[in-house]
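One-based numbering, in listed order, for ligands and for the atoms of each. Residues: numbered from 1 along the sequence shown. No hydrogens, no waters, no symmetry mates; every other heavy atom, side chains included, goes into these values.
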Amino acid sequence: SNRRVLTDAGSSDPLQWFAQAQQSITVNFKELLEIIDYSDTLIKGSGELIAMSECQQKVTEHRQKVCRVMEVLARDHMKVAFFGVTLSGKSTAINAMLSEKVLPFGMGHRTNCILQIEGSDSENGYVLTEREPDTPKSIEQLEISIKKLADALKNNESNFVRILFPKTKCRLLREGVVLVEGPGIGVTTELNLWLDKFCLDADVFVLVSDAVATLTQTEKNFFQKVSERLSSTNIFVLLNRWDQSVFEDDVAEVREQHIDRHLEFLYQELNGMDRDKGLERIFFVSAKEALSTRLVEKGEERAKAQLPGQEERHIRFCNFERALEECMSQTAVKTKFERNNNLGKSITTENCALVKDILKSIRQHIDRMRFDRNEMAKHLDFMERQLTMFKCEFKYKITKTVAGVCTEIAKMLTDEINR
Ligand code: GTP
């Protein structure tokens, strides 16, 4: 069903795949809830014909499971986690993707602070810290004092900051994407904490690397650590600051070196990633230029003098975003909806079996009773046919018909029993 959503969606925007699948599965669960309600009606109406309490208990269990899934579905989002050395350009890359200066950048020393950016329906946006999760602070406060905030949090365990930014201002946030910026490389304990606590449910990871500097031993150790903890092969590499390569003489050589080192990380350390796939995951970009181009387009910044190759670097940044969105949306649909979809199918099957048992008891009862058998049997046959169809797939278009028959039979039985 998820696969069908993806191919039938016809949307050229990969982020929409997730939204459409979320909408579709939510509708299915709402309809499943409806059929559960009607099986309840049928049980109640059947009076003493069936083992009421046992059936009732099953229906209650089904309803609880469905309600729990619906809660999770409503909260589900796509998550992308950024990691890399301090000052490699993580904040700038996130801002470029959001086309907004959401995160203050260029301050460094934010190693202890984990930032999560999510969409908010409020007009102004706000900030929440782990320590005071119920005390919203204004975004302006964050912009002025992110460094202070990070320093203040340095000696606490509560170094997680949620930034709730208006959805209306950013397409990514509007479509349900959550972005996390991890601590800089070199602070091992925090890194482990970050990976375990905030990244286990990430759909995609982005390593932001400084393309001008050579790979350090700390960075290599860091890669090792990441590979030990991450099982995901959904990793993208942004070789950032590539604008600075125009000042280098041996650009081609540097480029090859970076490709070799990062491919080693992608396909040897995170075993499973083959070379060709790895090459599709490495992008030589300039987050700073990408952000600036977008702010100029929005009229929020004046155009500056361009370095040679800026347009190509921007195209590569756009290609990176497209590849990341496709990968993220597909992964999120698969990991977040497939299990629930299967659970929905199994509840449907169980519920159908339960209703079938009830119908069997009713049929036996009808055979023993004197009232209009033909009329009753007609309803039952119809309902049994509907139930068989209903079980075929996790699509509840016929719910209302089945439910209508259930109610009708339940009413007739109640009337008959009361007569
Ligand atoms: P921390 O969060 O402090 O670890 O830093 P960060 O990785 O988030 O880096 P940030 O985005 O704050 O950028 C650090 C500095 O690098 C800032 O002064 C940016 O303007 C600059 N910078 C970021 N991306 C680029 C780029 O593509 N090219 C150039 N030339 N400078 C960049």
Quiz item: Does any N or O atom in Ser88 lie less than 3.5 angstrom from one in ligand 1, N or O only?
Solution: yes

Practice problem: Below 4.0 angstrom from a heavy atom of Ala287, which ligand 1 atoms are there? Numbered from 1 as shown, please. | Solution: 27 (O)

Practice problem: Report, in ascending order of atom number, the atoms of ligand 1 lying under 4.0 Å from any heavy atom of Ser286. | Solution: 26 (C), 27 (O), 28 (N)

Self-check item: Distance filter under 4.0 Å to Gln244 heavy atoms, resulting ligand 1 atoms
Solution: 30 (N)

Practice problem: Ignoring hydrogens and angles, state whether a donor on the side chain of Glu350 or His62 is under 3.5 Å from an acceptor on the partner side chain. | Solution: yes

Exercise. Please confirm whether Glu289 comes within less than 3.5 Å of ligand 1 when only nitrogen or oxygen atoms on both sides are compared.
Key: no

Exercise. Could you tell me whether the side chains of Ser286 and Gln310 share a donor-acceptor contact shorter than 3.5 Å?
Key: no

Quiz item: Near Ser91, which atoms of ligand 1 are under 4.0 Å from a heavy atom of that residue?
Solution: 2 (O), 6 (P), 8 (O), 11 (O)

Practice problem: May I ask which of Leu87, Val212, Asp243 has a heavy atom nearer to atom 28 (N) of ligand 1 than the others do? | Solution: Asp243

Quiz item: Does the N or O separation between Gly89 and ligand 1 drop below 3.5 Å for any pair?
Solution: yes

Quiz item: Can you tell me how far the CG atom of Asn240 sits from the CZ atom of Phe284, to the nearest 0.5 Å?
Solution: 11.5 Å

Quiz item: Is the shortest side-chain N to carboxylate O distance from Arg316 to Glu312 below 4.0 Å?
Solution: no

Exercise. Please determine if Glu100 and Lys169 form a salt bridge, counting it only when a charged side-chain N lies under 4.0 Å from a carboxylate O.
Key: no

Quiz item: Run the salt bridge (Lys or Arg N to Asp or Glu O under 4.0 Å) check on Glu321 and Arg171 step by step: do they pass?
Solution: CA-CA 12 Å; Glu321 289 175 302; Arg171 172 183 152 266; over 6 Å; no

Exercise. Give a yes/no on ligand 1: does Gly84 have at least one heavy atom closer than 4.0 angstrom to it?
Key: no

Quiz item: Heavy-atom distance to atom 31 (N) of ligand 1: which of Arg313, Lys288, Glu181 wins?
Solution: Lys288

Quiz item: In a check of side chain to side chain contact (heavy atoms under 4.5 Å, CB included) between Leu33 and each of Val69, Asn28, Val66, Ile347, which one passes?
Solution: Val66

